[in-house]
Amino acid sequence: MLKFSRGIDQDRAATAGGLQQIAFARGAAAAAQPSRLPTLVATAATVAVLYFARDVFLPLAIAILLTFALAPLVSRLRRVGCPRSVAVIGTVTTAFLFLSAFGVVIAMQVSEVAQNLPTYQYNIVEKVRTLKETGSESQILERIGRVIERISTEISRPEPEMRASPEPAPEAKPLLVEIFSPQRPVETLKNIINPLLGPLATTGLVIVVVIFMLFEREELRDRFIRLVGYGDLHRTTEALQDAGARVGRYLLMQLVVNITYGIPLAIGLSLLGIPNAVLWGMLAIVLRFVPYIGPVIAAALPLFLAFAAAPGWSLLVWTAALFIVLELLSNNVVEPWLYGSRTGLSPLAIIVAAIFWAWLWGPVGLVLSTPLTVCLVVLGRHVPQFEFLEILLGNEPVLDPKERLYQRLLAGDPDEATDNAEDMLEEKYLVEFYDTVAIPALLLAERDRARGALTNAQAAQIAQSANTLIANLEEIAGEEEGEEETGAEAQERDGDDDADEYDLPPGDGKSVLCVGGRSDLDDVTASMLAQTLWIQGADAAHAGHEVLKAGNIKALKLEGRNAVVLSVLDRDFMRHAKFTVRRLKRMAPAARVGIVLWQEDGRPGTTERDQLIESLQADFMVFGMGDAVREALSDELPRSLKLAHPKIAPGYAMRRSKRADRESTVKAD
């Protein structure tokens with residue numbers, strides 16, 4: 001008995017040692033999360049400074065963005081041997097001369113439009129009259145006009161004052177008379193020049209700042225690194241390069257897109273006969289820098305002019321058709337071809353950023369909103385304190401695929417989970433999706449269940465949604481089961497290390513039963529494993545964990561099975577796995593009985609795994625989908641079942657008989 005108890009203790013110690021190797025490394029203590037209050041206070045203070053000091057920061061922001069846009073041109077001129085001073089001054093002069101000519105042309109066109117507006121009055125009145133005459137018999141437009149006029153009259157009518165007694169009439173007040181004298185020429189010139197001083201001074205300041213930034217670009221970069229990132233040169237350099245590349249590429253590509261839109265627009269409007277077609281093409285180039293709102297404004301002005309310039313309606317229809325065709329070509333052909341969505345901003349972030357910068361800096365902030373927000377996203381990507389900016393504004397997924405799938409299963413939404421799975425299955429096989437996304441998602445659920453954060457009802461909901469997901473992927477599994485790998489795919493897979501992990505053997509002629517360990521989540525993993533084995537051609541079936549109970553296990557149909565696989569997420573199941581494995585091996589001595597203990601990381605080494613297999617008397621023990629399929633379809637013979645009790649010592653029977661004789665003698669006496 002002493003030897004037997006020691007043997008049991010050794011088995012338990014071996015099993016506990018294996019479980020200790022399997023456990024995840026959680027750390028001695030969780031690090032305290034840093035408070036975000038200082039970051040929020042600093043952000044609010046920065047916004048306040050930018051708002052109240054916008055007269056200072058707005059020209060500076062324009063100069064920085066123009067520096068980002070012109071820096072590639074200066075660098076290219078330097079590479080071809082042009083001196084720095086010539087490259088910088090020549091580039092800046094050319095850019096601002098172009099902008100000045102652009103502004104002069106727009107001003108001249110606007111003046112011409114203002115002079116021609118009275119000639120369009122007759123057409124507008126006639127079309128409004130036509131709309132009124134073509135209305136319904138009840139004259140809807142007239143009734144609406146009368147109602148509005150009546151309401152405005154009622155609102156403007158003064159309320160009668162209730163007086164207790166008649167008051168004397170107020171005394172007549174003298175009228176104020178203001179004498180106007182003609183202004184002197186100096187005052188007239190001053191009134192003309194004063195409104196222009198502000199824009200001219202701002203333009204000159206921007207030109208000077210851009211020139212000095214281009215001259216001292218490397219020096220400013222080194223000073224910025226020394227100021228904010230001297231302790232981490234790699235991260236700071238990467239952030240600067242990322243910001244410069246993104247902003248410069250965005251500005252350049254957006255300018256090219258706008259030009260490819262504005263020039264055809266001007267030509268088309270000119271052919272249609274719209275007055276001042278050059279103006280509308282140039283305004284479209286500028287306004288399309290404003291996200292979403294700019295193209296609408298650029299289209300509204302020519303459409304109104306088409307409405308006013310011609311007495312009929314055909315010009316308005318053709319103008320609208322021209323805008324629709326150009327928008328479709330620009331959005332679906334030109335933009336994806338040139339830069340796509342490389343800004344790294346989500347569509348909602350672009351809209352919110354436009355609203356924020358327009359409130360902060362007015363119309364100029366609206367134009368600068370996208371490049372400025374790109375800089376904020378780069379800041380959030382490389383500076384941990386501002387990581388929330390990338391989360392809120394970036395277009396990259398903020399959840400891992402496994403976390404996203406777990407969230408959808410927890411919410412009871414298998415349809416969206418199926419849509420996400422189908423998107424990933426365009427590049428992955430089903431076995432890889434199960435092994436890298438679905439099983440890790442169920443591991444997250446199991447960990448929440450183990451620490452009490454997940455109720456039994458929620459776990460059952462997750463299992464039900466996951467089973468629906470598996471059923472929805474049945475069609476894809478059928479397609480993979482029937483497809484054959486081509487020579488090119490095989491050659492590509494041979495050069496891919498990740499693909500070799502999922503190079504699985506055929507399962508023709510094999511019969512495998514997959515059984516859940518101890519919960520509904522384990523049953524889901526057994527279903528996934530069975531579906532993967534079926535794709536390989538095996539006769540695979542799955543059963544729930546309820547069949548492992550003492551009263552149900554005898555009903556298992558194990559005849560003709562080549563392997564029986566226990567699928568387990570909970571590590572605590574290993575304490576009772578030895579008895580389950582032994583019972584299954586007695587019921588199916590010709591089948592290989594093994595365990596899949598699903599682990600995403602923290603897997604034990606070969607020695608620890610062999611010790612655990614020996615203590616459990618299993619034929620195999622694996623931790624991932626690929627190894628589970630290979631072991632289930634293996635041609636190896638099952639290992640023999642060892643006796644549960646040690647053999648009786650040779651002298652034990654003799655000593656027992658002598659003791660029985662002495663007891664009988666004592667009873668006789």
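What you are looking at is a predicted structure, and each value in this text was computed from that prediction instead of being measured.
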Verify side-chain contact (heavy atoms from CB on, under 4.5 Å) between F323 and Y261, making sure each step is shown before the conclusion. CA-CA 10 Å; F323 275 102; Y261 181 91; 3.3 Å; yes

Should V437 and N420 be marked as a side-chain contact (heavy atoms from CB on, under 4.5 Å) after you check the CA-CA gap, both sets of side-chain angles, and the distance that decides it? CA-CA 11 Å; V437 179; N420 296 333; over 6 Å; no

Verdict with reasoning, V209 to L60, per side-chain contact (heavy atoms from CB on, under 4.5 Å): CA-CA 8 Å; V209 173; L60 187 61; 4.2 Å; yes

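Listed by chain and residue number, T418 satisfy the side chain to side chain donor-acceptor pair (under 3.5 Å) test with N472 (two or more places apart in sequence, or in another chain). For S465, the side chain to side chain donor-acceptor pair (under 3.5 Å) partners are Q461, not counting sequence neighbours. With sequence neighbours excluded, no residue forms a salt bridge (Lys or Arg N to Asp or Glu O under 4.0 Å) with K428. Applying the side chain to side chain donor-acceptor pair (under 3.5 Å) test to S75 and every residue at least two apart in sequence or in another chain returns R217. Annotation: salt bridge (Lys or Arg N to Asp or Glu O under 4.0 Å) contacts of R408 (sequence neighbours excluded): D413, E416. Applying the side-chain contact (heavy atoms from CB on, under 4.5 Å) criterion to I263, with sequence neighbours excluded, gives I259, I267. For R54, there are no salt bridge (Lys or Arg N to Asp or Glu O under 4.0 Å) partners at least two apart in sequence or on another chain.
Atom-to-atom distance recorded for M424:CE and D419:CG is 10.5 Å, nearest 0.5 angstrom. In this structure, CD in E426 is found 9.0 Å from CD1 in I476, a value given to the nearest 0.5 Å. Here the CD1-CG distance, from I324 to L328, works out to 7.5 Å after rounding to the nearest 0.5 Å. With rounding to the nearest 0.5 Å, the separation of CG in L303 from CG in L316 is 6.0 Å.
Residue A354 comes nearest to L366 through the heavy atom pair O-CD1, 3.5 Å, listed as atom of the first residue, atom of the second, then distance. Shortest non-hydrogen contact noted between K402 and A441 is O-CB, 3.4 Å. Of all the heavy atoms in L265 and G281, the pair that sits closest is CD2-CA, 4.4 Å. When all heavy atoms of A353 and S369 are compared, the pair lying nearest together is O-CB, 3.7 Å. Of all heavy-atom pairs spanning A417 and L409, the tightest one is CB-CD2, 4.5 Å. Of all heavy-atom pairs spanning A421 and L469, the tightest one is CB-CD1, 4.2 Å.
For residues 308-320, no pair satisfies salt bridge (charged side-chain N to carboxylate O under 4.0 Å, His left out), with sequence neighbours left out. Screening residues 325-334 for salt bridge (charged side-chain N to carboxylate O under 4.0 Å, His left out) gives R288-E327 as the qualifying pairs, with residues at least two apart or on separate chains. Within the structure, the side-chain hydrogen bond (donor to acceptor under 3.5 Å, both in side chains) test picks out the following pairs touching residues 350-363 (sequence neighbours left out): W357-T373. Contacts classified as salt bridge (charged side-chain N to carboxylate O under 4.0 Å, His left out) and involving residues 85-94 (residues at least two apart or in different chains) are not found.
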Under 3.5 Å donor-acceptor pairs involving side-chain atoms of residues 86-103, not counting sequence neighbours:
unit_1 : atom_1 : unit_2 : atom_2 : d
T91    : OG1    : A87    : O      : 2.6
T93    : OG1    : I89    : O      : 2.6
T94    : OG1    : G90    : O      : 2.7
S100   : OG     : F96    : O      : 2.7

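Between L305 and L269 there is no side-chain heavy-atom pair separated by less than 4.5 Å. Between F57 and L360, every side-chain heavy-atom pair lies at or beyond the 4.5 Å cut-off.
Judged purely by atom type and a 3.5 angstrom limit, T260 uses its side chain to pair as donor or acceptor with the backbone of V256. Within the 3.5 Å criterion, the main-chain N or O of P275 finds a donor-acceptor partner in the side chain of W280.
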